[in-house]
Amino acid sequence: MTDTTIRKSVFLAAPKSRVWEFLSKADLLGKWFHPAQHDLVQGQDYVLTSQKDGDRMCWGTVEKADPTDYMKWSFTVGPLNGAMTTVEWFLEDTAGGTRLSLAHSGLPEGSDGYGLVMALDKGWHGFLANLHDMD
């Protein structure tokens with residue numbers, strides 16, 4: 001069996017408190033990922049929408065939120081047909097800012113779901129790169 005967990009890290013020239021705001025505040029999520037209907041808070045459902053037409057892009061529940069250190073979401077998108085996956089965010093202090101790491105697990109196993117895994121991998125790569133433009 002292959003581990004299909006997507007793992008990404010990015011180094012950001014911002015303190016953990018600022019990076020956390022970009023992960024949790026509705027108005028900032030739309031600057032690098034997808035707009036949120038409200039701030040992401042532990043125990044609450046969330047919906048992130050398309051910047052283009054406002055359609056629902058991804059949704060789930062914020063399962064855990066340890067401000068400035070760790071956040072865990074249940075997460076799905078349309079192509080997953082209702083199957084929930086897990087997205088975890090890890091924030092670490094570095095000499096010049098923050099290392100933000102992502103682990104997206106519970107993804108489809110096998111060749112049938114590999115196209116979706118590749119699309120999610122490419123998407124996360126681009127979205128995390130957007131965080132370099134934090135203002």
Side-chain angles (χ1 to χ4, degrees):
M1 182 182 291
T2 306
D3 177 14
T4 57
T5 298
I6 296 170
R7 299 177 198 285
K8 305 268 182 202
S9 288
V10 63
F11 289 88
L12 303 167
K16 288 190 330 181
S17 60
R18 185 65 175 150
V19 176
W20 182 263
E21 290 175 346
F22 273 78
L23 291 178
S24 62
K25 299 294 182 190
D27 59 325
L28 297 177
L29 278 159
K31 290 187 174 197
W32 68 276
F33 190 36
H34 297 296
Q37 296 177 333
H38 54 77
D39 290 351
L40 302 189
V41 177
Q42 183 171 310
Q44 291 188 5
D45 293 341
Y46 68 89
V47 174
L48 304 179
T49 58
S50 167
Q51 294 197 20
K52 184 171 52 175
D53 56 20
D55 286 349
R56 182 173 74 165
M57 293 295 295
C58 45
W59 59 96
T61 301
V62 179
E63 296 181 355
K64 182 117 174 112
D66 292 330
T68 74
D69 292 318
Y70 176 78
M71 187 182 294
K72 180 180 179 181
W73 303 341
S74 63
F75 178 93
T76 194
V77 293
L80 284 168
N81 298 315
M84 279 293 168
T85 63
T86 300
V87 172
E88 294 177 277
W89 300 98
F90 305 88
L91 294 83
E92 302 169 68
D93 286 318
T94 62
T98 303
R99 177 182 177 171
L100 176 65
S101 299
L102 159 92
H104 188 172
S105 60
L107 297 167
E109 299 275 336
S111 59
D112 289 346
Y114 199 66
L116 177 56
V117 171
M118 288 191 332
L120 289 166
D121 182 71
K122 181 178 179 182
W124 285 126
H125 183 79
F127 289 126
L128 288 175
N130 291 341
L131 284 168
H132 286 288
D133 298 326
M134 269 190 270
D135 54 344

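Here the NE2 atom belonging to H104 is positioned 7.5 Å from the OG1 atom belonging to T86, to the nearest 0.5 angstrom. The OG1 atom of T98 sits 6.5 Å away from atom CG of L91, with the distance rounded to the nearest 0.5 Å. Here the CG-CG distance, from L28 to L23, works out to 10.0 Å after rounding to the nearest 0.5 Å. From W20, atom CH2 reaches atom CG of L40 across 9.0 Å, with rounding to the nearest 0.5 Å. Note that CE of M118 and CD1 of I6 are 11.0 Å apart. Values are rounded to the nearest 0.5 Å. How far CG of L12 is from CZ of F22: 9.5 Å, rounded to the nearest 0.5 Å.
Side chain to side chain, S9 and R99 meet the donor-acceptor criterion of an N or O pair below 3.5 Å.
Considering every non-hydrogen atom in both V77 and C58, the closest pair reads CG1-CB, 3.6 Å. Of all heavy-atom pairs spanning K16 and T68, the tightest one is CE-O, 3.1 Å. Heavy atoms only, all atoms of each residue included: A83 and T76 are closest at O-OG1, 2.7 Å. A pairwise comparison of heavy atoms in A26 and D39 identifies N-OD1, 2.8 Å as the closest pair. When every heavy atom of T49 is checked against every heavy atom of H34, the shortest pair comes out as O-CB, 3.2 Å. Across all their heavy atoms, A103 and F90 have their closest contact at CB-CE1, 4.2 Å.
Residues E88 and M71 are not in side-chain contact: their nearest non-hydrogen atoms beyond the backbone lie 4.5 Å or more apart. In this structure the side chain of L116 reaches within 4.5 angstrom of the side chain of L80, judged on heavy atoms. Under the 4.5 Å side-chain criterion, counting only non-hydrogen atoms from C-beta, K31 is not in contact with D133.
Both F127 and F75 are part of a single hydrophobic cluster, where members link through side-chain heavy atoms under 4.5 Å apart. No path of Ile, Leu, Val, Met, Phe, Trp and Tyr side chains, each step under 4.5 Å between heavy atoms, connects W59 with V62, placing them in separate hydrophobic clusters. Hydrophobic cluster membership is shared by L100 and L102, with clusters built from Ile, Leu, Val, Met, Phe, Trp and Tyr side chains linked at under 4.5 angstrom. Two different hydrophobic clusters hold M84 and L120 under the rule that ILVMFWY side chains link at heavy-atom gaps under 4.5 Å. Hydrophobic clustering of Ile, Leu, Val, Met, Phe, Trp and Tyr side chains at less than 4.5 Å, counting indirect connections, keeps M57 apart from V117.
The aromatic rings of Y46 and W73 sit tilted relative to each other, their planes meeting at an angle between 30° and 60°.
Within a 6.0 Å radius of OH in Y114, no more than 12 heavy atoms belonging to other residues, nucleotides or ligands are found. For H38, the NE2 atom counts as densely surrounded, since its 6.0 Å shell holds more than 12 non-hydrogen atoms of other residues, nucleotides or ligands.
Counting only residues at least two apart or on different chains, the salt bridge (charged side-chain N to carboxylate O under 4.0 Å, His left out) pairs with a member in residues 51-63 are E63-K72. Pairs engaging residues 5-14 under the salt bridge (charged side-chain N to carboxylate O under 4.0 Å, His left out) rule: D3-R7, K8-D121 [sequence neighbours left out].
Taking the six-membered ring wherever Trp is involved, the centroid distance between the rings of W89 and F33 does not fall below 6.0 Å.
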